[in-house]
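Please read the structure below before turning to the comments.
Quick note: numbers below take in every heavy atom, side chains included, and nothing from hydrogens, waters or symmetry partners. In what follows, chains carry the letters A, B, and so on, assigned in the order in which the sequence lines appear, proteins first and then strands, with residues in each chain numbered from 1.
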Amino acid sequence: MIHVTLPDGNKKAFEAVPTGKDVALRISEGLARNVVAMELDGTLVDLDTKIETDAAVRLITPKDPEALDVLRHTAAHVMAQAILRIYKDAKLTIGPVVEDGFYYDIDMAAISEDDFKKIEEEMRRIVKARLPIQRREVPKAEAMAFYQNEPYKREMISELADGTISFYEQGEFTDLCRGPHLPNTGFIKAFKLMKVSGAYWRADQSKAQLQRIYGTAFFDKKDLKDYLQFIEEAKKRNHRKIGAAMGLFSFHEEAPGMPFFHPKGMVLWNNLLAYWRAEHRRAGYVETKTPMMLNRSLWERSGHWENYRENMYTSRIDDVDYAIKPMNCPGGMLLFGSRPHSYKELPIRAAEIGLVHRHELSGVLNGLFRVRAFHQDDAHIFMTPEQIEPEILGVLRLVDRVYSTFGLSFHLELSTRPEKSIGTDEQWDVATRGLRSALDSYGRAYKINPGDGAFYGPKIDIHIKDALGRTWQCGTVQLDLSLPERFDLSYTGADNEKHRPIMIHRVVFGSIERFMGILIEHFAGKFPLWMAPVQVALLPINDELTTFTRSIQETFEDAGLTVMVDDRTESLNKKIREAQLSYVPLIVTVGNKEKESGTLSVRTLDGKVRYGIAKERFLDVVRRDVQSRKQALDLFDEEGGQD
RNA sequence: GCCGGCGUAGCUCACUCGGUAGAGCAGCUGAUUCGUAAUCAGCAGGUAGGCGGUUCAAAUCCGCCCGCCGGCUCCA
């Protein structure tokens with residue numbers, strides 16, 4: 001008798017050894033048709049796995065999050081099977097599931113996306129045949145014998161322990177695989193090959209170049225459609241396109257990876273930084289600035305000359321080596337060390353908007369997301385060990401306030417001591433405990449990445465989520481056990497002895513360039529009023545109204561607004577269209593009616609128009625919206641008359 | 001850096017087999033003076049990313065270089 005316990009606590013008894021399918025059948029036929037895998041005592045396994053002893057079983061249906069991974073793993077096999085049918089001498093390597101789908105690395109002649117159609121057709125045939133999928137466990141010797149002409153698979157098997165080797169079969173296709181898989185290929189209702197790229201066997205450039213073919217798969221055609229739509233939406237929001245269209249920034253061959261900010265981009269930039277400065281002032285920061293170029297002895301002291309040199313722009317001047325800073329910290333250390341400090345001054349929170357240069361590999365550059373020259377909204381906080389917790393907490397609260405202002409949600413990850421690291425156990429213990437208790441008193445859930453810290457200290461990474469649900473790592477809080485040591489920093493304690501300060505590096509935006517790119521995509525160019533590069537477009541209806549419109553412009557600018565007047569001799573419709581396409585949040589048309597009545601007609605980006613707003617009231621509402629940094633305009637919520 | 005794709009006017013794109021480039025928008029000029037998403041006409045604009053090669057002839061074919069895009073972290 002086998003007893004199976006279901007997640008709801010229900011028990012089912014079986015006389016003969018059951019499989020997951022049998023368990024499902026006992027519950028309902030509908031479930032049995034749908035179920036794709038099961039969790040057996042906490043381990044995800046195939047549905048037809050025999051349940052030999054009493055066990056806890058959870059049946060996995062397409063609704064469960066794990067199901068998608070199983071599906072995609074099988075889809076990777078289906079793709080490999082199709083490719084082997086078409087390209088006879090292709091050699092399979094590995095084919096894992098990834099975040100949005102799966103890929104398979106295959107040793108074969110280079111293919112392009114044009115070849116996807118025929119591969120997909122073959123895949124469709126395999127899916128339609130509903131080939132049953134069978135697991136088989138074999139001894140190592142047998143596995144090796146099976147793969148006589150498959151060097152990659154042989155290499156993988158040689159690294160596996162005997163007795164753990166399993167194969168999966170569907171039709172004529174067999175693959176070394178841990179599983180689990182779907183019961184048959186027919187469950188794959190929707191799939192698509194996405195892209196192909198080169199990848200090296202074992203990510204090693206000296207080894208064979210493989211074709212990495214990416215695909216995605218879903219249980220439902222609608223899910224695939226939604227996913228493809230999401231990709232389209234993300235493409236539309238591409239910050240490079242929007243940035244060029246709005247005249248925010250550009251890139252030039254003469255300085256690859258180094259953005260040029262145009263006047264409107266600078267307005268946006270300055271708006272962001274004005275806000276940043278206000279928040280930092282409020283949080284007790286002071287602002288500093290250190291030089292962009294420092295000589296070799298500094299970088300030798302910090303360790304960068306030895307460890308980071310290939311990423312630094314260097315130059316020899318008057319027989320001395322200099323490097324453009326790739327990080328702000330060493331300069332910050334000199335600044336702190338420039339005079340003696342008392343414990344009474346601590347904590348010192350020294351912020352610096354630092355322009356750093358890093359020579360990143362040409363192939364990794366990516367718009368504003370990955371550049372070679374960028375500004376960090378850096379700060380170094382020097383403190384006593386007791387101050388770790390409250391200071392970290394302060395940073396977390398600051399981060400929270402800033403991100404919330406942009407409507408970005410976020411989650412936190414704590415990374416602890418890696419194997420290769422400096423410092424004593426005690427130092428790491430104090431540091432890690434400080435971060436942890438700050439996180440605990442902050443009260444939000446966080447994830448722990450054991451061993452993922454920097455070699456010089458533990459850290460908290462902040463991952464934000466944008467309007468499309470994509471996540472980005474921007475902010476980070478890192479404890480540094482190394483630099484205060486290397487720069488021999490100290491403060492005098494109450495005991496009149498010298499003490500080594502604890503130091504944290506932290507950024508909120510991370511890279512201002514990158515953060516701006518994220519905001520452009522997050523808002524799809526439609527920035528909240530307080531940030532917008534142009535807040536108000538004034539559109540005179542005809543040339544006679546230009547002077548009057550200019551006077552309104554003056555009033556608005558005196559009120560602190562960024563205003564653009566479109567006094568070209570063009571049709572009103574055209575001016576509206578263009579203002580709308582460049583995402584100006586408030587479009588104000590100026591005609592004789594307005595001139596006579598002293599009111600305004602305002603159009604917002606959603607196409608709503610409101611007539612007859614008194615100028616003073618308009619300014620009041622707008623000023624309030626700017627000041628409160630609201631996401632959406634308040635103008636239409638006001639009483640006092642639509643039209 | 002490596003692999004793949006791409007590079008034609010400021011932008012978006014076209015140019016069947018190799019026969020030395022064309023449109024819309026933007027710009028300029030003129031007319032139009034307009035009430036909530038493109039008024040009309042004319043003009044001007046390109047050493048086809050750069051260099052080299054093949055050819056009677058190259059945007060087109062080949063090579064090198066530069067830049068851009070996607071990927072190179074996910075490991076049966």
Check: [X] ring centre within less than 6.0 Å of [Y] ring centre:
| X | Y | value |
| --- | --- | --- |
| A/H73 | A/F102 | no |
| A/W472 | A/F369 | yes |
| A/Y147 | A/F167 | yes |

Give a yes/no answer on whether the side chain of A/N573 brings an N or O atom under 4.0 Å of OP1 or OP2 in B/A38.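 So the side chain of A/N573 is within the cut-off, an N or O lying under 4.0 Å from OP1 or OP2 of B/A38.
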Whether A/S571 contacts B/C34 is assessed here as follows: a side-chain N or O lying under 4.0 Å from the phosphate OP1 or OP2. Is that the case?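 The answer is no; no side-chain N or O of A/S571 sits under 4.0 Å from OP1 or OP2.
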Evaluate ring pair (Phe, Tyr, Trp, His ring centres under 6.0 Å) for A/F556 paired with A/F618, printing each intermediate quantity in order. CA-CA 10 Å; A/F556 283 9; A/F618 172 83; 5.3 Å; yes
Note: A/R135-A/E137 ion pair, threshold 4.0 Å (strictly below):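 Between A/E137 and A/R135 there is a salt bridge, with a charged N closer than 4.0 Å to a carboxylate O.
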Enumerate the residues from residues 542-551 of chain A whose closest heavy atom to RNA chain B is under 4.0 Å, giving them by residue number; use none for an empty result.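 Per residue number, the list reads A/N542, A/D543, A/E544.
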Who is the Watson-Crick or G-U wobble partner of [N], with both distances under 3.5 Å?
| N | value |
| --- | --- |
| B/G27 | B/C43 |
| B/G35 | none |
| B/A59 | none |
| B/U54 | none |
| B/C6 | B/G67 |
| B/U16 | none |

Nearest to the side chain of A/P256 - B/C68, B/G35, B/A37?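 The answer is B/C68, which lies nearest to the side chain.
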Nucleotide nearest A/L361 (side chain, heavy atoms from C-beta), chosen from B/G27, B/A37, B/G1: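 Within the option list, the nearest is B/G1.
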Indicate, with a heavy-atom threshold strictly under 4.0 Å, whether [X] touches base, sugar-phosphate, or nothing.
| X | answer |
| --- | --- |
| A/E570 | base |
| A/G367 | sugar-phosphate |
| A/E155 | nothing |
| A/L581 | base |
| A/Q580 | base |

Using only heavy-atom distances, determine whether the side chains of A/T74 and A/H181 contain a donor-acceptor pair under 3.5 Å.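 Yes - a donor-acceptor pair under 3.5 Å links their side chains.
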Audit row: A/K459, A/D461, salt bridge (charged side-chain N to carboxylate O under 4.0 Å, His left out) steps and yes/no: CA-CA 6 Å; A/K459 60 174 184 173; A/D461 288 326; 3.4 Å; yes
Could you tell me the separation between the CG atom of A/D466 and the CD1 atom of A/I520, rounded to the nearest 0.5 Å?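 Nearest 0.5 Å value for the CG-CD1 distance: 12.5 Å.
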Using the P atom as the reference point in each nucleotide, state the distance between B/G10 and B/G19 in Å, no decimals.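 Rounded to whole Å, the distance is 24 Å.
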Tell me the interatomic distance from A/I541, atom CD1, to B/C34, atom P, rounded to whole angstroms.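 Those two atoms, CD1 and P, are 9 Å apart.
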Position toward the 5' end of RNA chain B (nearest nucleotide), A/L210 or A/I587: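 Per heavy-atom nearest nucleotide, the more 5' residue is A/L210.
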Sequence neighbours left out, what passes side chain to side chain contact (heavy atoms under 4.5 Å, CB included) with A/I324? Give chain and number order.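 Listed in chain order: A/M292, A/M293, A/Y313, A/H357.
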Tell me which one of A/V536, A/V534, A/L539 satisfies side chain to side chain contact (heavy atoms under 4.5 Å, CB included) with A/M564.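 Passing option: A/V534.
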Nucleotide-resolved protein contact map, nucleotides 71-76 of chain B, B/S/- at heavy-atom distance under 4.0 Å: BBSBBB
